[in-house]
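Structure first, then comments.
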Amino acid sequence: MTTVELVKIASAGKTFPLSGGKEYIALRGIDLDIRRGEFIALIGHSGCGKSTLLNMIAGLDLATEGTVELEGLTITKPGPDRIVVFQNYSLLPWLTVRENVALAVDEVLTEKTPKERREIVEHYIGVVGLTKEIEKYPNDMSGGMRQRVAIARALAVQPKLLLLDEPFGVLDALTRGNLQEQLVKICEDNQISALMVTHEVDEAVLMSDRIVMLTNGPESKVGRILDVDLPRPRKRLEAVKHPSYYQLRSEIIYFLNQQKQVKKMRSRKVQVVKGHGLEKINLELGFVPLTACAPMIVAKEKGFFSKHGLDEVSLVRESSWRGVVDGLTGGYIDAAAMPSGMPMWITLGGAGNQSVPIVTSLTLSRNGNAITLDKRFQQQGVKTLADFRDMIRSSPEKPHRMGVVHPCSMHNLLLRYWLASGGIDPDRELNLKQIPPAQMVVDLKGGTIDGFCVGDPWNLRAEMEGIGFTIARDIDIWDGHPGKVLGCRSDWAAAYPNSYIALTKAMLEACQYCADPNNAQEIRSILARKEYLGTSLEFIHLGGPKDIVPGAESVAHHVFAGPGVNRPSRTEHLWHMVEMARWGDVPFPRNWVEILEYVCSIGVFSTASRELGQTEVSYSRSEIKLVDGTVFNAEDPIQYLNNLEIKRDITMAEIPLPR
Amino acid sequence: MTAKLNSPASFRIGNFSFSWKKFGRAVIPPLGAILIFLGLWEALSASGITLLPGPSSLFTDARTFELIRYPFYDRGGIDKGMFWQTWASLQRVGISYTLAAIVGISLGIAIGTTPFLFRALDPLFLFLRTVPPLAWVPISLAALNKNEPAALFVIFITAVWPILINTAVGVKQIPQDYINVAKVIQVSRQKYFFKILLPSALPYIFTGLRVAISLAWLAIIAAEIVMSGIVGIGFFIWEAYQNNYISEVILALVWIGAVGLLLDSMMGWLQNKITKG
């Protein structure tokens, strides 16, 4: 019995019979292993079957399908090797603290002498710090003290697994915090494994080694499992400063929000509304609150959608790109403004190892990003990339972290390219972390990251607040790089071809509206509104020659329209493909020519611009010139990859496309 | 300080504290109500509207006054003082009530823990418990033939239902938490019974016991009234009525009421004592 797994749950499920012969499937297909000495948090919305799963392990409520095993033996009934700590303490009010604990100890540890049992009882009451209260009755004690008695009772019988059902749910914040730390310490000291049901995100991150998230019922299953890599022992105040803390926290919150949204989407029957000769005029479009998403917001506010027959467009604000990815692949949104690398990334299977072909007919914006470093590097004399490299190499013992938004975003690709051009390996010499844009400045201020590459307004803001300085602008690395594009699923585009063209027309006109400096003030005030960016006007800048912030290096320099700006470029998408393959995010497709043709809906763009009477929209795009003087060669990408010095292991694969 | 010493508004002796203000609030209203009630009664009987003698007859009637003065006399047979009459009734209540408690609690636990028994017996119990005490008298006389056991049976059958039903409910309503705790640490049956089930049902059992003691005391009067030739406060009333000693009936009522009140407060005190501790 020296297996690593203490508990093995394999495709377990639970079905409750309902009146009238129906049944409710609470859980289905649960696979989970609990390792020895591990602390697992089980989190999910109420009614998702968290407690049912806990009861299945406890043996209070048995699985109706699959297996639940403890050390290789199927669990058929409750036993003292798996003690449950209930939310409402479940102490017997007519027994004193000592008697409550002794009741369990006398019953379970029968092989010990009465004297030994007495010592065990007193020891564990001491462990939870209640020696003085040993002769008190539970009703004369506070909630926190009662829960400590319950924990002492559970620990005293020396179980293999501690099952905690929202143990701190009814306690006040201060008591909860103290008890959380105590419990973790006790579990560590005594090598006890634990499974804790909770709905508190911070509690889960602070206490556990792994966080298991359940999807909403009915038929709940394990949605995601997060490994918590915070060092132990964890002190609340230190842990919250760790860069992983907020990432984990936002992962969980994102998951929970997503579950809520899926529930809402499920309950809403979306019907396709036809009209004006279009197959679908009710569209749900996703965006993330960023200045670069302005064309989509403007198209809605200035009526470009309605002008082209799309009468019922609603914008769905997502807090991160993950939401856009899940919304598109799940079919909850029709199209979205997305990072320019995203259509290729999803098509190549970047989102969950499953290829979902995405097409793009329009580039919405170019430029608007910068690389910001902590102010203290400037004081240390770091002015160029070479200085930064020397600084990193002079202190190899110190981990250096930088923040990026998403693996497929231009920020990540530009930052990596820039670092590699200076000889810095972005994975081996640095640690790149995915952090939501709005979190960057806070993390830089807290010193958990050394710098970041992100879109405005965040670079400008770090500078204006005196926290960071701009070491490189995107126009220095690749002037005119694509920023955001319009993307939708290829099957959506095939099903609603005329709606796709109408959408492209509306967005193209909106881009041109954004590019006119005379509209800048109006657009800024629209963007600042609560339902869009919800930020102060001074941080929103669209760019253009007159838009200058005194004293700031990084001025917004978005380009929304102009010669060759909006037409999707195969060369650029090839660059994304190559760079993402370079860093091992996606395989490089053998059928890359075919994929480029497929992803770039150039025909749709041409039709849209022709129907708008804009034959003057230039078709040519100048070659891609990069910071290190290279001109990107679109003829032989494999040769290009082979010639790179700094890269990861590159895999090749055939990506099948729908016919 | 000096002024207060002369006319103390309150004082303390050990744990006992006394305050005129509190005493006044607690005692004066009921005392007033009783005095008004007695006064009305006296006035009604003096005016001749009713033939019932007034409360003063307790003292003016020589026979009755004799009974008040000598509650402990014993001239043999059924000619005994008020105390002995009451005591005889109390003894019957004591025997039957104890029996009812034993049967009620054990049967209640059995029913409460076994769903099959509950389903089988619940309708029967619901039916039987609605039968009033007096209706049991002829049946028990017919079945047992003798006055004494018949009286005991009537008290028993009246008192057993509230105990039984409350116990069953108390056992059935033991919180799931306690059951879960017992399951998880796998408590033995015996320990489960004495450490978890019984303490948890105790408040319910005591509610049943308290209701039952009042009912038992009600039933004894009903039972004794119809059973001639036995010592007991019930039969005493009946005989006094037959002889038209109405003031003696009134005196017996006072005794009955006082004893009933005493029994109820005793049980109340016990209930508090046990369920709190």
Side-chain angles (χ1 to χ4, degrees), chain A residues 51 54-55 57-62 75-96 98-110 117 121 137-140 146-147 149-165 170, chain B residues 15 101 105-106 108-109 112-116 118-119 163 166-210 267-277:
Chain A
S51 297
L54 182 118
N55 284 345
I57 301 169
L60 292 168
D61 209 352
L62 297 181
I75 292 170
T76 53
K77 60 173 192 205
D81 46 5
R82 290 155 277 135
I83 294 285
V84 188
V85 176
F86 301 94
Q87 182 178 10
N88 41 5
Y89 330 124
S90 296
L91 298 176
L92 304 175
W94 48 86
L95 299 181
T96 62
R98 177 199 294 281
E99 288 165 340
N100 261 297
V101 178
L103 179 72
V105 170
D106 291 348
E107 208 60 47
V108 177
L109 305 175
T110 41
R117 291 203 292 253
V121 169
Y137 285 94
N139 287 350
D140 300 332
R146 284 189 233 177
Q147 192 58 293
V149 179
I151 291 169
R153 179 176 65 185
L155 294 171
V157 301
Q158 297 162 2
K160 289 174 182 147
L161 178 64
L162 201 55
L163 298 165
L164 303 139
D165 194 353
V170 293
Chain B
N15 273 337
I105 292 172
S106 35
I109 289 173
T113 48
T114 26
F116 171 74
F118 185 81
R119 277 200 300 276
I163 302 175
N166 272 288
T167 306
V169 169
V171 170
K172 271 169 80 94
Q173 292 195 343
I174 167 167
Q176 188 63 34
D177 287 345
Y178 300 162
I179 298 177
N180 282 343
V181 167
K183 273 190 189 161
V184 168
I185 56 175
Q186 301 206 299
V187 182
S188 67
R189 283 196 72 82
Q190 187 201 347
K191 252 198 183 161
Y192 176 70
F193 186 84
F194 286 109
K195 292 261 173 160
I196 296 175
L197 187 120
L198 211 57
S200 159
L202 217 54
Y204 289 87
I205 295 177
F206 264 91
T207 309
L209 286 174
R210 193 169 171 183
M267 283 309 293
W269 176 80
L270 207 64
Q271 186 178 17
N272 264 334
K273 198 83 189 158
I274 288 184
T275 52
K276 266 201 180 152

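In what follows, chains are A, B, ... by sequence order, proteins preceding strands, each numbered from 1.
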For B:Asn180 and A:Leu60: C-alpha separation, side-chain torsions, deciding distance, then whether side-chain contact (heavy atoms from CB on, under 4.5 Å) applies. CA-CA 8 Å; B:Asn180 282 343; A:Leu60 292 168; 3.7 Å; yes

Kindly give the heavy-atom pair with the smallest separation between A:Glu107 and B:Gln186, and that separation in Å. CG-O, 3.5 Å

Heavy-atom cut-off 4.5 Å, strictly under: side chain, backbone, both or neither for A:Arg82 against chain B? backbone

Check whether A:Ala58 gets within reach of chain B through its side chain, its backbone, both or neither, counting any heavy atom under 4.5 Å. neither

With a 6.0 Å cut-off on ring centres, are B:Tyr178 and A:Trp94 close enough? yes

Pairs of heavy atoms under 4.5 Å with chain B: top-ranked of A:Asn139, A:Ile83, A:Leu95: A:Ile83

Closest-packed option against chain B by number of heavy-atom pairs under 4.5 Å, given A:Val105, A:Asp106, A:Asn55, A:Leu92: A:Leu92

To the nearest 0.5 Å, how far apart are CG in B:Asp177 and CZ in A:Phe86? 6.5 Å

Taking side chain as everything from C-beta outward and backbone as N, CA, C, O, which of these in B:Ile196 sits under 4.5 Å from a heavy atom of chain A? Side chain, backbone, both or neither. both

What part of A:Leu91 is in contact with chain B, defined as an atom under 4.5 angstrom from a non-hydrogen atom: side chain, backbone, both or neither? backbone

From B:Lys183 atom NZ to A:Lys77 atom NZ, the distance as rounded to the nearest 0.5 Å: 12.5 Å

Just wondering, do A:Ser90 and B:Val181 contact through their side chains at under 4.5 Å, heavy atoms? yes

